[in-house]
Amino acid sequence: MHLIQLVYASRLVGDESVLHSIHSHAVRNNTAHVITGKLLYCSGRFLQVLEGEPAQVHRTFEHIKADPRHSDVTLLMEQAISERAYAHWNMGFRHVQEQELEQYPAYKAYFKDDFSALQIQPLIALEIINTFV
């Protein structure tokens with residue numbers, strides 16, 4: 001089976017009251033489409049890694065880009081993988097608080113800019129996700 005891993009960043013539109021709904025929706029859809037991954041939210045921004053069959057991951061990513069709760073959806077990385085890194089996570093989720101981020105000053109800047117730093121160093125997004133989720 002051919003698998004891919006896709007990493008993106010986006011901004012939350014609206015207030016944080018929709019976070020539970022976004023996570024619940026992701027779990028439901030990802031389970032149905034055999035997609036695994038992790039979702040991190042901090043300071044109004046999302047970082048997410050999705051993995052699965054290319055058609056399913058791309059369809060999911062198109063839904064995310066069309067979701068009015070997300071803006072500035074930015075593809076950071078897409079790569080072929082031989083096996084899932086998050087096979088046991090239909091969608092791990094973590095809401096990182098500002099004070100938690102203070103403990104990781106090297107990561108803090110990635111939640112303040114326009115995602116250009118993440119586009120230059122996309123592997124840092126996976127590092128950040130794996131640190132918190």
Side-chain angles (χ1 to χ4, degrees):
M1 172 175 26
H2 181 65
L3 299 170
I4 63 166
Q5 185 177 71
L6 183 147
V7 181
Y8 77 89
S10 68
R11 296 180 198 279
L12 174 66
V13 174
D15 63 52
E16 294 178 350
S17 65
V18 299
L19 292 177
H20 178 72
S21 173
I22 289 172
H23 179 240
S24 296
H25 188 246
V27 169
R28 194 171 43 256
N29 285 341
N30 292 353
T31 300
H33 297 108
V34 195
I35 293 174
T36 55
K38 291 183 176 182
L39 174 64
L40 175 73
Y41 172 80
C42 183
S43 302
R45 316 228 175 162
F46 293 103
L47 287 177
Q48 185 169 25
V49 57
L50 301 168
E51 53 189 20
E53 293 184 15
Q56 298 294 347
V57 171
H58 291 144
R59 184 176 319 145
T60 297
F61 188 53
E62 290 303 314
H63 285 291
I64 291 165
K65 290 192 302 188
D67 187 331
R69 299 171 296 184
H70 291 266
S71 71
D72 302 322
V73 179
T74 305
L75 178 64
L76 302 175
M77 181 176 71
E78 182 178 326
Q79 63 184 350
I81 55 174
S82 58
E83 63 184 2
R84 295 172 189 263
Y86 310 105
H88 301 293
W89 295 86
N90 59 4
M91 189 44 56
F93 174 72
R94 177 86 187 280
H95 178 177
V96 177
Q97 303 298 320
E98 284 278 343
Q99 57 270 30
E100 290 178 86
L101 193 58
E102 294 293 331
Q103 299 172 21
Y104 299 89
Y107 296 159
K108 195 172 178 182
Y110 294 101
F111 290 94
K112 301 295 180 193
D113 75 0
D114 62 357
F115 304 137
S116 60
L118 287 169
Q119 288 175 299
I120 294 167
Q121 294 183 307
L123 290 177
I124 196 79
L126 282 174
E127 183 180 313
I128 294 168
I129 291 167
N130 289 327
T131 296
F132 290 106
V133 183

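When a residue number appears, it is its place in the shown sequence, counting from 1. Treat the numbers as computed from the prediction; the structure is a model and nothing was measured.
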Inset, instruction - Test Thr74 against Gln119 for side chain to side chain donor-acceptor pair (under 3.5 Å), laying out the working first. - result: CA-CA 8 Å; Thr74 305; Gln119 288 175 299; 5.2 Å; no
Legend entry - Min side-chain heavy-atom separation His2-Glu53 under 4.5 Å: no
Legend entry - Lys65 side, atom NZ; Thr60 side, atom OG1 - distance, nearest 0.5 Å: 12.0 Å
Legend entry - Heavy-atom side-chain proximity of Leu126 to Val49 below 4.5 angstrom: yes
Inset, instruction - Check the side chains of Gln5 and Tyr86 for a donor-acceptor pair under 3.5 angstrom, ignoring hydrogens and angles. - result: no
Inset, instruction - Give a yes or no on whether Ile129 and Trp89 share a hydrophobic cluster (residues Ile, Leu, Val, Met, Phe, Trp, Tyr; joining criterion: side-chain heavy atoms under 4.5 Å apart). - result: yes
Legend entry - Minimum-distance pair of heavy atoms, taken over all atoms of Ala125 and Leu76: CB-CD1, 3.8 Å
Inset, instruction - Determine whether Ile81 and Glu51 make a side-chain contact, defined as any pair of heavy atoms from C-beta on separated by less than 4.5 Å. - result: yes
Inset, instruction - Taking the side chain as every heavy atom from C-beta outward, state whether Val96 and Tyr41 have any pair of such atoms under 4.5 Å apart. - result: no
Inset, instruction - Considering only NZ, NE, NH1 and NH2 on the basic side and carboxylate oxygens on the acidic side, decide whether Glu62 and Arg59 come within less than 4.0 Å. - result: no
Legend entry - Cys42 side chain reached by His95 side chain, heavy atoms, under 4.5 Å: no
Inset, instruction - Output the distance between atom NE2 (His23) and atom NE2 (His20), rounded to the nearest 0.5 Å. - result: 8.5 Å
Inset, instruction - Is it possible for you to say whether Phe132 and Val27 belong to one hydrophobic cluster, with membership spreading through side-chain heavy-atom contacts below 4.5 Å? - result: no
Inset, instruction - Work out which heavy atom in Ala87 is nearest to a heavy atom in Thr36; give both atom names and the distance. - result: O-CG2, 3.9 Å
Inset, instruction - Ignoring hydrogens and angles, tell me if any N or O in the side chain of Tyr107 forms a donor-acceptor pair with the backbone of Tyr110 under 3.5 Å. - result: no
Legend entry - Atom pair CD1 (Ile124) and OG1 (Thr131), whose distance is rounded to the nearest 0.5 Å: 8.0 Å
Legend entry - Atom pair CZ/CD1 of Arg84 and Ile35 - distance to nearest 0.5 Å: 8.0 Å
Inset, instruction - Could you please spell out the steps behind the side-chain contact (heavy atoms from CB on, under 4.5 Å) verdict for Leu75 and Phe61? - result: CA-CA 9 Å; Leu75 178 64; Phe61 188 53; 4.2 Å; yes
Inset, instruction - Flag the pair Tyr8 / Ile64 as yes when at least one side-chain heavy-atom distance between them is below 4.5 Å, and no otherwise. - result: yes
Legend entry - Nearest non-hydrogen partners of Val13 and Ser71, listed with the distance: CG2-CB, 3.6 Å
Inset, instruction - Walk me through it: do Glu102 and Lys108 pass the test side-chain contact (heavy atoms from CB on, under 4.5 Å)? - result: CA-CA 7 Å; Glu102 294 293 331; Lys108 195 172 178 182; 2.6 Å; yes
Inset, instruction - Report yes or no: is the cationic atom of Arg11 (NZ for Lys, CZ for Arg) closer than 6.0 Å to the six-membered ring centre of Phe115, at no more than 45° off its axis? - result: yes
Legend entry - Side chains of Asp72 and Ser10, donor plus acceptor under 3.5 Å: no
Legend entry - Distance (rounded to the nearest 0.5 Å) between Leu19 CG and Ser24 OG: 10.5 Å
Inset, instruction - Starting from the C-alpha separation in whole Å, work towards a yes-or-no answer on side-chain contact (heavy atoms from CB on, under 4.5 Å) for Glu78 and Ile4. - result: CA-CA 7 Å; Glu78 182 178 326; Ile4 63 166; 3.7 Å; yes
Inset, instruction - State the CG-CG distance between Leu47 and Leu118, to the nearest 0.5 angstrom. - result: 6.0 Å
Legend entry - Neighbour count above 12 (heavy atom, 6.0 Å) for Glu83 CD: no
Inset, instruction - Given side chain to side chain donor-acceptor pair (under 3.5 Å), test His33 with Asn29 step by step and report yes or no. - result: CA-CA 6 Å; His33 297 108; Asn29 285 341; 5.1 Å; no
Inset, instruction - Determine yes or no for a side-chain-to-main-chain donor-acceptor pair under 3.5 angstrom, with Lys38 supplying the side chain and Val133 the backbone. - result: yes
Legend entry - Phe111 side chain near Ile128 side chain, heavy-atom distance below 4.5 Å: yes
Legend entry - Joint cluster assignment, Leu3 & Val7, ILVMFWY side-chain distance < 4.5 Å: no
Legend entry - Validation row: Arg69, Ile22 side chains within 4.5 angstrom (heavy atoms): yes
Inset, instruction - Mind running side-chain contact (heavy atoms from CB on, under 4.5 Å) on Leu50 and Gln48 for me, showing each step along the way? - result: CA-CA 7 Å; Leu50 301 168; Gln48 185 169 25; 3.5 Å; yes
